[in-house]
Protein chains: 2
Amino acid sequence: MEARHLRYAIALAEHGHFGRAAASLGIAQPPLSKQIADLEREVGARLFDRTRQGVFPTAAGEAFLARARRALDEIAAAAVDAGRAARGETGRLRLGFIASALLDPLPGVLSRFGRERPGVRLELHEMATSRSGSALVAGELDVAFTLGPPRGAGTERLVSVPVGRDHVIAVVHTAHPYAGQQSVSADQLRRQPLIVSAGEDEPAVVAGLRTLLGPDSPALGGATVARDVHTIIGLAASGVGVGLGPSRMRAVPRPGVRFCDVTPRTPLPDLVLSFAARDRSPVLRAFLDTVRRNCPDVGAALDDRLRHHR
Amino acid sequence: MEARHLRYAIALAEHGHFGRAAASLGIAQPPLSKQIADLEREVGARLFDRTRQGVFPTAAGEAFLARARRALDEIAAAAVDAGRAARGETGRLRLGFIASALLDPLPGVLSRFGRERPGVRLELHEMATSRSGSALVAGELDVAFTLGPPRGAGTERLVSVPVGRDHVIAVVHTAHPYAGQQSVSADQLRRQPLIVSAGEDEPAVVAGLRTLLGPDSPALGGATVARDVHTIIGLAASGVGVGLGPSRMRAVPRPGVRFCDVTPRTPLPDLVLSFAARDRSPVLRAFLDTVRRNCPDVGAALDDRLRHHR
DNA sequence: ACCGGCGATATCTTCGAGGTATCGCAGCAG
DNA sequence: CTGCTGCGATACCTCGAAGATATCGCCGGT
């Protein structure tokens, strides 16, 4: 049985007349008669009563037509849904990210993307860079914000684009002596109790601080360790010491604290956007586009990587 | 787009391999490639990713396949439903009947039919014979139990079969002097307060009583009038008088009353089963069959009428 | 009894589904 | 680096069935 048979049966039921139904279908009357006859033979039941007053569905015909209409609706919807999915209007985007990405690029990117693609279901997974990398390779994620490009098996199939430069900054209580300063020096930091991150950013931030304060600095060894940047800022606000973290901390202004540059400027690994190079999914493309428009300096780099990977 | 395209896409998604999917469909690989390509062109979206590891649906493909599966399910269900309806296993039967039919043939017929055809929805409409007749002609009913064959415009297109003979009987309170009698005479009736029907059976019953008691009998003129037979029996049970009604009253035995024949035996119009002569609906056929098996003496008459009307 | 409208049937045409042969391409072993 | 291999795409042909044209048979109305 083909969709044609359903369309013909429905047209015949609507017109109640073989000739007019055939005309509405753009075919001649005899082929319609034959198709209906074939259909009735295949179903094994008479579907229409041919009377002088017109052609009317039998009880079996009514039952058949109800299902046929739904079938054709499903077929039409299949094409529409596929088109929407292909245009990236519907679908799913599984996004991995390190906690600190929640500070700066994510709020803007996600609200914008949610507004532009209301039909896309977002799945957000906070995870470490290495897990994002393997999840991308395994096809369990579509994109990820990571700290530096992910390393490990299969990551050569990923495209990674720096989204923003990052460096160490300090956060202090408003009443702290450094609060008025534009920047804080390494010497000043060595004389203070410090608060550093033990979260995802830890290895990178700690490595940066090590170069800043000198290896085996006692100030670093005795530092308070916090799980994430919000805790660092909270502890600094309560006067426990000087918080040190990524410059993206500035994105969460909070009464009671001041942010200061640290001299010498100590770079941290870039925040990076990663995705599978082969992934041509329109939802991903739309997301990349949103990121591009939200993070001005990303555009060129992204285009370059995309061109490079065919 | 044809059902074929849906079947092919689903097979391809299941096998993840053009060659094997084609084999499972009983066709060669190139036609499958072409059909899928045609489908993708018509939908306007790539539905499958061809990789070295296999063929996988894209996001658009997943959306399409979900609908396609439902569409094919509907098509299969259409054939099944039509078959069921054609065999009379499902459907609807609109049955008109006069109130007194509820006494005798209906309880047995309906319970048997409901057991044999659980999928058929019964619509029961109590109505006068004349309304049943016009409703049958207008196609608003499928069958009806009427008092005598329906008369009026279009009723020549109906088939009417007598289902049972009927005559006047009397119903009296257990303590009534007539209660012990086998039968009651017209003379005896003229000396008693009577209870007669004003419902559907009225003209026929009243006409019967008129011939029984004589025209303009004061006993008839002064009779208590009840809307239906249950009321007649109830009033007789409470000693108001002697109830007169169709012999089918016997089918509702009730403590406190006795039924007596009336002499001379006074016939009433037959209870008749009517339906449209052209109606070939399997549900109707099944119903007629049930009636035939429930009312032994109907069989021959029914077969005769059916033969007569082609 | 004749006529007209409608669905079914008969016969032919044509388009496209499906078959066969072959190509192009990417991964892989040597 | 280079054949080798497996797979999907392409090219071309075949044939069956959808559709067109012509005609028939049937019933209902004048």
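Letters A, B, ... mirror the listed sequences (proteins, then strands); counts begin at 1. Treat the numbers as computed from the prediction; the structure is a model and nothing was measured.
As a whole-Å value, the separation of A/Phe18 CZ from D/dC24 P is 21 Å. Atom CZ of A/Arg46 is separated from atom P of C/dG7 by 12 Å (rounded to the nearest Å).
Comparing C/dG7, D/dT10, C/dG18 by their closest approach to the side chain of B/Pro31 singles out C/dG18. Comparing C/dT20, D/dG8, C/dA8 against the side chain of B/Gln29 picks out D/dG8 as the nearest. For A/Ile27, the side-chain atoms get nearest to D/dG19 when compared with the rest of D/dG19, D/dC7, C/dC6. Between D/dA22, D/dG8, D/dA11, one nucleotide has an atom nearer to the side chain of B/Val55 than all others, and that is D/dG8. Of the candidates C/dA17, D/dA11, D/dA18, the closest approach to any side-chain atom of B/Lys34 belongs to C/dA17.
At least one side-chain heavy atom of A/Arg293 sits under 4.5 Å from a side-chain heavy atom of A/Arg112.
Proximity of B/Arg50 to the phosphate of D/dC7: no side-chain N or O atom is located under 4.0 Å from OP1 or OP2. Dashed line: the shortest gap from a side-chain N or O of A/Ser33 to OP1 or OP2 of C/dG7 is not under 4.0 Å.
Contact detail for B/Ala82 and A/Val43: the closest heavy-atom pair is CB-CG1, 3.6 Å. A/Ala79 approaches B/Met1 most closely through the heavy-atom pair CB-CE, 4.0 Å. Across every non-hydrogen atom of A/Leu47 and A/Glu40, the tightest pair is N-OE2, 2.8 Å.
Toward the 5′ end of DNA chain D lies the nearest nucleotide of A/Gly26, the other residue of the pair A/Arg52 and A/Gly26 mapping further downstream. Positionally, the nearest nucleotide of DNA chain D for B/His17 lies more toward the 5' end than for the other of B/His17 and A/His5.
Between A/Phe113 and the options A/Leu95, A/Val283, A/Val291, a side chain to side chain contact (heavy atoms under 4.5 Å, CB included) holds for only A/Val283.
Counting any heavy atom pair closer than 4.0 Å across all strands shown, A/Gly54 reaches no nucleic acid atom. Contact annotation for A/Tyr8: backbone-only contact, meaning every heavy-atom pair under 4.0 Å involves sugar-phosphate atoms and none involves a base.
Side-chain atoms of A/Gln35 stay outside donor-acceptor range of the base of D/dA18, with no qualifying N/O pair under 3.5 Å.
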